[in-house]
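Report on the structure given below.
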Amino acid sequence: MMLINGGKFLMGTEDGMSYEAPVHEVEVKSFWMDRHEVTVAEFAKFASATNYKTDAEKFGWSGAFNLKTGEWKRTKGANWQHPDGPGSKAASNEPVCQVSWNDAAAYAKWAGKRLPTEAEWEYGARGGLEQKKYSWGDELRPAGKPVANWWQGNFPDRNTGEDGFVGRAPVESFPANGYGLYDVTGNVWEWCADWYADDYYLKSARDDPRGPDDGKERVIRGGSWMCAENFCNNYRVAARSQATPDSGLNNLGFRCVRDE
Ligand SMILES: [Ca+2]
Ligand SMILES: [Ca+2]
């Protein structure tokens, strides 16, 4: 884990979607943050130590985007060990996915950690840069090259794999941000602790905000290997999205934090 020294920052953007605004000052305390997304190998230790069954395993299906058809599908037998459906296999050093918010929270508890608040996540992801578009600066391709795992080409028809990966990549395949955190941008979306609300930034507390008191969906951040220029530019560091707490997808994982 990396120690993230607490401080003030400008959260959100005026240059994106309405629910990413307004820019507002937030202060967070120091915390430790996983330097990479929780891997398949790490999740396997938890599952075998606790005999844990994920929501997708209990349901017998999960959501998987099929690269060949370019469509999302309710996929029987998709789970964290077979993220793209039966016959697919998750490499041990790739980020675990097909884990719900409930599963991620259970892992975090077992590991003596917790899920990050949305404010902690964005503070960490910005890596000390102020109001930059991406976690590394303002250019999508600094020096002409992708520096994170997103989708180059036209989604969903054409995936050029210019960044080296058409799907998930092993963690730490790309440079870390200013705080030593890998893949905060792209690879897999990351669950946050908070409930999601479109208008939360209008009423967010300044000190250590923890999200709305209740809701139907949890915050996810960072975008994934499926984010493309023509479709969703959720590789922007201020981008927000959400999913129901029992959802599993083959582009959604998590990382944990711990109090200092
Ligand atoms: Ca890619
Ligand atoms: Ca990520």
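Counting convention: from 1, in listed order, for ligands and their atoms alike. Only heavy atoms go into these numbers, but all of them, side chains included; no hydrogens, no water, no symmetry mates. Numbers for residues simply follow the sequence, beginning at 1.
- Annotation: cation-pi geometry satisfied between Arg218 and Trp195 (NZ/CZ under 6.0 angstrom from ring centroid, within 45° of ring axis).
- Separation of the Trp225 and Phe165 ring centroids does not fall under the 6.0 Å cut-off.
- A heavy-atom distance below 4.5 Å is found between the side chains of Arg236 and Thr13.
- Restricting Glu37 to its N, O or S atoms, the one at the least distance from the Ca ion (ligand 2) is OE2.
- The closest approach of Asp183 to the Ca ion (ligand 2), by N/O/S atoms, is made by O.
- Ring geometry for Tyr134 versus Tyr235: interplanar angle of 30 to 60°, hence tilted.
- For Phe46 and Tyr52, the gap between ring centers is short of 6.0 Å.
- When each of Val184, Asn177, Thr185, Val237 is paired with Trp136, the side chain to side chain contact (heavy atoms under 4.5 Å, CB included) condition holds for Thr185 and for no other.
- For the Ca ion (ligand 2), the N/O/S atoms of Val188 include one lying under 3.0 Å.
- For the Ca ion (ligand 1), protein N, O or S atoms closer than 3.0 Å were enumerated as Asn149 OD1, Trp150 O, Asp163 OD1, Asp163 OD2, Phe165 O, with waters left out.
- Taking a 4.5 Å side-chain heavy-atom cut-off between Ile, Leu, Val, Met, Phe, Trp and Tyr, the cluster of Leu10 extends to Val23.
- Following chains of ILVMFWY side-chain contacts shorter than 4.5 Å, one cannot reach Tyr182 starting from Ile220, and the two form parts of different hydrophobic clusters.
- Among the heteroatoms counted here (N, O or S) of Glu190, OE2 is the one nearest to the Ca ion (ligand 2).
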